[in-house]
6 protein chains.
Amino acid sequence: MLERRQIQRVVDMALDEDAPFGDLTSQTLVPAAAVARADLVAREPGVFAGAEVFEIAMTTLDRSVTVTLHLADGDSFERGAVLARVEGPARVVLQAERVALNLVQRMTGIATLTRTYVEAVAGTGARVVDTRKTTPGLRALERHAVRCGSGHNHRYSLSDAVMAKDNHLAVIPDVTAALKQAGVDLPHTTHIEVEVDRLDQIDAVLESGVVGTIMLDNFSLDDLRTGVTKIDGRALVEASGGITLDTIADVARTGVDVISVGALTHSVRALDLGLDITVS
Amino acid sequence: MLERRQIQRVVDMALDEDAPFGDLTSQTLVPAAAVARADLVAREPGVFAGAEVFEIAMTTLDRSVTVTLHLADGDSFERGAVLARVEGPARVVLQAERVALNLVQRMTGIATLTRTYVEAVAGTGARVVDTRKTTPGLRALERHAVRCGSGHNHRYSLSDAVMAKDNHLAVIPDVTAALKQAGVDLPHTTHIEVEVDRLDQIDAVLESGVVGTIMLDNFSLDDLRTGVTKIDGRALVEASGGITLDTIADVARTGVDVISVGALTHSVRALDLGLDITVS
Amino acid sequence: MLERRQIQRVVDMALDEDAPFGDLTSQTLVPAAAVARADLVAREPGVFAGAEVFEIAMTTLDRSVTVTLHLADGDSFERGAVLARVEGPARVVLQAERVALNLVQRMTGIATLTRTYVEAVAGTGARVVDTRKTTPGLRALERHAVRCGSGHNHRYSLSDAVMAKDNHLAVIPDVTAALKQAGVDLPHTTHIEVEVDRLDQIDAVLESGVVGTIMLDNFSLDDLRTGVTKIDGRALVEASGGITLDTIADVARTGVDVISVGALTHSVRALDLGLDITVS
Amino acid sequence: MLERRQIQRVVDMALDEDAPFGDLTSQTLVPAAAVARADLVAREPGVFAGAEVFEIAMTTLDRSVTVTLHLADGDSFERGAVLARVEGPARVVLQAERVALNLVQRMTGIATLTRTYVEAVAGTGARVVDTRKTTPGLRALERHAVRCGSGHNHRYSLSDAVMAKDNHLAVIPDVTAALKQAGVDLPHTTHIEVEVDRLDQIDAVLESGVVGTIMLDNFSLDDLRTGVTKIDGRALVEASGGITLDTIADVARTGVDVISVGALTHSVRALDLGLDITVS
Amino acid sequence: MLERRQIQRVVDMALDEDAPFGDLTSQTLVPAAAVARADLVAREPGVFAGAEVFEIAMTTLDRSVTVTLHLADGDSFERGAVLARVEGPARVVLQAERVALNLVQRMTGIATLTRTYVEAVAGTGARVVDTRKTTPGLRALERHAVRCGSGHNHRYSLSDAVMAKDNHLAVIPDVTAALKQAGVDLPHTTHIEVEVDRLDQIDAVLESGVVGTIMLDNFSLDDLRTGVTKIDGRALVEASGGITLDTIADVARTGVDVISVGALTHSVRALDLGLDITVS
Amino acid sequence: MLERRQIQRVVDMALDEDAPFGDLTSQTLVPAAAVARADLVAREPGVFAGAEVFEIAMTTLDRSVTVTLHLADGDSFERGAVLARVEGPARVVLQAERVALNLVQRMTGIATLTRTYVEAVAGTGARVVDTRKTTPGLRALERHAVRCGSGHNHRYSLSDAVMAKDNHLAVIPDVTAALKQAGVDLPHTTHIEVEVDRLDQIDAVLESGVVGTIMLDNFSLDDLRTGVTKIDGRALVEASGGITLDTIADVARTGVDVISVGALTHSVRALDLGLDITVS
């Protein structure tokens with residue numbers, strides 16, 4: 001869940017990175033008294049994400065800047081739509097412009113892409129979830145964008161749920177016993193998920209009695225169906241591995257509960273938004 | 001220029017974000033004494049960027065981890081190539097894996113894409129440069145990746161060069177006079193670049209006598225050629241605006257000096273690299 | 001799970017707080033060349049917690065200090081036992097002494113107290129868990145100490161599990177529906193726990209189908225038994241509210257799964273440890 | 001002396017620790033528009049400390065929260081007293097509740113305990129002072145709480161006064177000479193206190209002519225009286241070592257000026273305060 | 001260019017350094033309700049620099065303090081002039097006084113000194129510039145002060161322009177080739193300046209075709225004139241090395257474009273300003 | 001007392017300020033493999049201060065750099081003396097050079113100046129002390145430099161001693177009573193100093209019985225003598241206000257104990273030191 005404090009930290013960091021010792025251009029060429037009005041305009045259709053981020057990015061340098069939001073996070077829009085309007089000292093608006101756009105274009109790109117995946121599985125019970133393949137430093141914002149796109153989040157980090165992958169399992173002599181022990185050691189609130197690569201690994205995992213989700217990694221559609229039947233409600237079933245917009249509907253129809261898609265965040269296409277500025 | 005200190009800061013931030021209170025999985029399931037060896041393997045061909053980032057990401061949690069680099073930044077590789085090898089406590093290697101990959105895949109993706117643009121203009125005098133459309137927090141790493149791909153960097157931030165865009169010019173009654181004044185006010189080491197949208201704006205800009213680069217924004221190929229002729233060496237000429245891999249060679253052949261391509265960094269496709277881990 | 005990085009941050013903060021501009025006494029009165037050897041000695045019996053914290057606290061100011069640990073976290077000890085030995089420049093050892101003791105005495109106090117609670121429920125299936133009533137800034141260390149005392153941890157923070165208390169429920173018109181919706185909105189890895197104050201609230205909670213734990217708050221022993229029977233394995237059962245060392249065994253025998261005890265951390269008695277220093 | 005800046009830093013740290021990525025519960029289950037009113041109620045009698053801390057803890061997440069204080073720091077109260085009232089968005093009040101209580105309960109616990117010690121020495125000239133056995137990170141708050149309880153503070157840290165303990169003295173061949181030299185080296189504003197374990201050490205200390213306080217460590221009542229007589233006003237006399245509520249009055253009547261009590265802060269019992277919330 | 005954020009960071013650091021745990025004096029002796037009015041008064045004539053710094057230093061501890069500025073940065077003033085007026089809680093004004101003065105006296109000292117150098121070269125085309133010999137941590141403020149004194153800034157840091165000194169050149173076998181290569185490698189916006197110690201080094205530098213400024217280091221007036229003639233407008237010419245108020249006019253008349261004066265910032269004489277406080 | 005941790009923080013800040021995104025010059029022009037040897041050479045005589053600062057400044061960027069110190073802090077040296085030698089990668093040495101010199105030249109300037117003041121009062125009992133007129137951020141270093149010059153330090157900050165000035169006294173109706181109360185409220189280790197402007201203020205101050213030092217501010221030599229006689233050992237006597245090298249001996253001979261000289265740090269002349277680099 002995205003908090004104002006998290007956004008503020010990202011914005012502060014971004015503004016400092018982009019102007020470590022001031023904005024030479026606006027301070028030299030833009031009169032101190034000039035006021036700018038600007039519209040955040042969509043150059044292509046999409047799903048909005050980052051309304052509060054935009055507001056904080058534009059107002060941090062000078063509290064006299066005002067932002068009026070025309071859309072809310074999760075709203076879809078057409079090309080040409082005005083998502084928000086800014087007004088304030090021209091120097092400040094021009095200095096903050098790039099940081100605001102860099103963040104909001106990325107978030108809106110994620111929301112827009114996520115929506116297409118979610119719509120592809122409409123009517124099945126499957127939820128589309130993100131992964132830990134997020135941009136370092138921007139996870140909170142990117143996960144929020146996934147939710148704006150009607151997607152769901154997976155665990156936030158290594159600290160809030162267990163996900164045992166093939167590499168972890170490889171070092172354990174007795175998987176069932178090790179998972180049982182983990183169930184004893186961990187907080188009772190900790191969800192344990194285990195990734196399996198083959199159908200015959202499922203029994204040992206279920207036998208532990210502590211596993212909440214089994215991830216079927218890179219399974220064929222047939223194997224996914226067999227896996228779902230075999231698990232039979234004793235754990236949630238997550239499909240993962242190279243799932244694309246072309247294949248996700250078929251995957252969803254196998255009856256899995258969760259489909260994780262790294263592509264939601266690992267290779268973000270920034271949606272084309274512009275700030276049309278009128279300086280007066 | 002990328003420094004170790006900058007990398008360390010990014011890595012620290014990323015590790016903290018990904019495990020605010022420890023890695024539940026490896027601490028619960030991986031024996032403390034287990035040692036892991038892992039290869040950073042290319043799942044597709046590309047141009048390497050981020051060797052030092054990979055090393056720092058893998059060794060920060062525990063100085064006993066060792067990294068052996070098989071390739072250097074800027075080297076191209078084929079699918080299946082082993083770029084580096086890691087060895088150390090399995091818990092630590094598994095905890096750092098995702099952060100290391102998130103950073104290096106992104107950097108290598110940028111270098112690989114940049115190389116294609118640079119190769120497209122080979123033989124012309126034009127340089128391919130990045131923009132400020134970088135990921136907030138990762139600019140130093142992403143710009144380094146552009147250089148690994150044989151691209152060039154534009155100004156680093158708002159603080160180290162002037163770039164007057166249409167929005168800035170819009171508020172200036174007398175552009176020539178304002179630029180002259182900027183030339184007087186700014187350090188003699190500050191490069192002044194001005195963006196023009198039309199050929200008829202060039203004269204006023206050149207007349208100031210202080211402009212080092214004129215950016216021709218969204219010009220047709222014909223207008224670019226006219227602009228180059230008109231400017232005639234009195235300033236560097238930068239072409240910008242929607243230039244793609246399909247069009248860049250033609251743009252380069254108009255005689256411009258610099259071609260800026262936002263796509264190098266604003267919508268990064270992470271290159272597919274994997275960490276093949278052997279825990280023993 | 002406690003990481004070296006977390007400990008280091010706490011130790012740095014504590015050393016800075018205790019000597020914002022140096023240790024006047026040791027720098028004035030202790031010869032720079034003096035070497036100190038010191039034993040961390042128990043002045044009363046207990047259960048050790050904080051071995052790595054002690055090591056980091058003693059070595060942070062000067063890497064030439066060495067620490068030899070005689071006991072491991074979780075080991076119990078008698079009065080007079082030597083838990084660890086330090087050797088290094090006397091100025092540094094004397095400067096770090098108080099910070100090291102403040103941290104380790106508190107952690108050992110928690111572990112020792114926790115062990116008594118855990119032993120009181122031995123043979124029942126109930127686990128003794130901590131709460132969020134920890135000292136601000138020291139949660140990671142205090143939760144680790146609880147584990148050293150053979151206790152278990154509850155959720156780490158507001159971010160890694162849901163715990164709906166009476167105050168939350170008070171604002172929800174339809175609890176069953178709201179919980180169902182939360183189950184839809186939250187990551188599939190998020191554990192949902194709900195606190196009830198009366199037996200008749202249980203049905204609505206269970207009906208949601210998404211609740212992993214039901215906390216019975218301030219229930220009589222009879223009501224706890226009734227609650228366990230009623231819930232019948234459909235959720236974990238946590239008992240909470242004013243449970244003391246005198247009452248915990250009876251509570252455990254009602255069949256609850258989890259017993260949360262705020263007293264483990266909210267009013268810590270520092271165990272009496274001393275640093276017996278020989279300066280030479 | 002406690003400053004708003006110090007409180008803000010502690011509160012920020014505590015809020016971040018308790019919700020590194022948001023409060024899942026209130027954001028999922030509490031309607032965004034819900035408003036909460038809450039009373040900070042005493043569940044047992046005591047002495048209030050932390051009014052400003054409470055206010056800052058409740059208002060930091062959202063400036064629209066208002067806090068009305070009914071008591072001031074140092075006021076005593078009965079069971080059932082309402083110490084303060086809060087009003088604001090329910091999500092925010094519920095998120096901040098635990099952090100606010102964790103801090104204020106601890107501070108009020110310290111003030112309440114301190115008051116009992118202070119009252120026990122009423123009518124003697126002795127002051128009751130705290131020690132450096134405070135919780136790492138919370139020293140400024142805990143020392144303020146001691147003052148709220150009518151106690152006094154000892155030196156703040158290793159940086160603002162000299163306190164030579166047995167360990168320091170052990171390395172000095174000629175104590176008188178060493179103290180004289182310290183008097184020469186240190187700022188003229190630096191108070192020098194020396195701990196002695198035996199009456200026969202007093203002369204050498206006084207002979208230095210620079211010592212402002214002599215601490216008699218673990219002395220019997222008789223030896224304290226002898227020490228006071230022997231020192232005879234040439235330095236302040238501090239009694240220290242295992243002094244309890246049972247023994248402090250007798251210690252005070254020996255004529256010492258200062259009695260330091262580690263128990264004021266080293267093993268804090270959080271006073272039982274609750275936040276009775278009405279969400280509407 | 002100086003930004004409010006940079007000033008705030010310096011002020012925060014200075015206030016924390018000067019009162020790590022509060023202002024004992026004002027909190028003990030000054031009544032909480034006392035209000036102070038204070039004038040920032042010049043005890044000698046000068047050129048004002050630091051108006052915004054003064055305002056931020058006085059208002060950071062308590063937003064109820066108000067500052068009225070009577071002069072703007074760059075204004076000159078006589079002895080006795082009132083530069084600004086402050087009003088607010090006496091405790092706060094007295095606590096912030098020293099930090100505010102330490103910063104503004106230093107900045108005003110720099111501006112005043114700079115103005116004398118600038119006036120000495122009036123009528124020549126030369127600009128007087130600062131160097132990197134600034135106080136660590138205060139560069140942004142000190143460079144701003146130079147501008148207030150009508151001076152110009154040199155490059156801000158090692159990151160925004162190239163300055164090849166004798167030490168750099170010493171390691172390069174072929175200077176012309178190395179500079180050419182630097183021109184190829186660096187951003188097209190990066191200004192390259194090269195220091196030469198002898199007239200005969202100029203040709204190799206110019207031959208590279210990429211050098212924007214040639215610094216003539218420690219040249220005689222005759223050699224400066226010869227250098228200017230030789231360079232003949234193909235690069236800017238900077239004179240440097242031991243230039244004083246006595247010699248700067250002659251240096252300027254040699255026709256150089258830029259004269260760098262380390263003395264502007266490396267040995268700042270704080271201008272004598274006082275805060276005349278009326279507490280009521 | 002200066003600690004390594006304090007130095008490291010200043011050096012980190014200074015290096016980041018001087019190269020926010022790398023050293024363009026050395027990374028472009030200096031071969032990565034080049035090794036530099038450099039001598040820190042005195043261009044004028046002085047008293048060394050900052051040996052450890054120099055070492056940390058040169059080695060922070062790259063631990064392979066080695067520093068050999070030829071002099072210790074407090075040693076005096078002649079023009080031409082080699083104070084220290086550095087060896088390491090040329091890029092790193094050249095990047096750190098300016099930061100190292102900026103710090104050490106300033107510290108050595110302070111030590112050198114202080115020594116002249118201290119020598120001027122030789123044979124009297126008076127100590128020469130610094131003030132809070134230090135450079136924001138550098139107080140710990142500058143005070144250390146004063147000690148290197150055989151001077152003494154005054155209180156470190158507003159937090160470690162009371163200094164009541166005219167502005168404070170102006171708001172107190174009954175000075176004697178207020179000071180008495182401060183003596184009751186403050187830690188028994190807190191030194192109370194009071195500034196008086198006239199002889200007739202002394203009695204009220206002494207009458208409080210809690211004042212350790214009386215500062216005679218801007219007194220004539222005659223009045224200083226009268227003041228010393230009047231105070232008669234009941235408090236230390238500090239002379240302050242416009243004392244210069246010309247007047248300090250006379251002031252010292254009046255019998256005052258402490259002479260505070262703002263000039264030691266408020267207008268530092270950087271001593272001329274150079275780094276003679278041999279790159280090979």
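Below, each value reflects all heavy atoms present in this structure, side chains not excepted, and no hydrogens, waters or symmetry copies. Proteins get letters first, then strands, A, B, ... in listed order; numbering begins at 1 in each. None of these values were measured; they are calculated from a predicted model.
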Subject >> Region of E:I192 that comes under 4.5 Å of a non-hydrogen atom in chain B >> reply: neither
Write out all chain E-chain B donor-acceptor pairs shorter than 3.5 Å, or none if the list is empty.
| from | atom 1 | to | atom 2 | distance (Å) |
| --- | --- | --- | --- | --- |
| E:R127 | NH1 | B:L186 | O | 2.6 |
| E:R127 | NH2 | B:G183 | O | 2.9 |
| E:R127 | NH2 | B:V184 | O | 3.0 |
| E:H152 | NE2 | B:V184 | O | 2.6 |
| E:G183 | O | B:R127 | NH2 | 2.9 |
| E:V184 | O | B:R127 | NH2 | 2.9 |
| E:V184 | O | B:H152 | NE2 | 2.5 |
| E:L186 | O | B:R127 | NH1 | 2.7 |
| E:H188 | NE2 | B:E193 | OE1 | 3.1 |
| E:E193 | OE1 | B:H188 | NE2 | 3.1 |

Original post:
Taking only residues two or more places apart in sequence or in another chain, which ones pass side-chain contact (heavy atoms from CB on, under 4.5 Å) with E:A239?
Top reply: E:L224, E:I243, E:V251, E:V256
Subject >> Which portion of B:V184 sits near chain E, non-hydrogen atoms under 4.5 angstrom >> reply: both
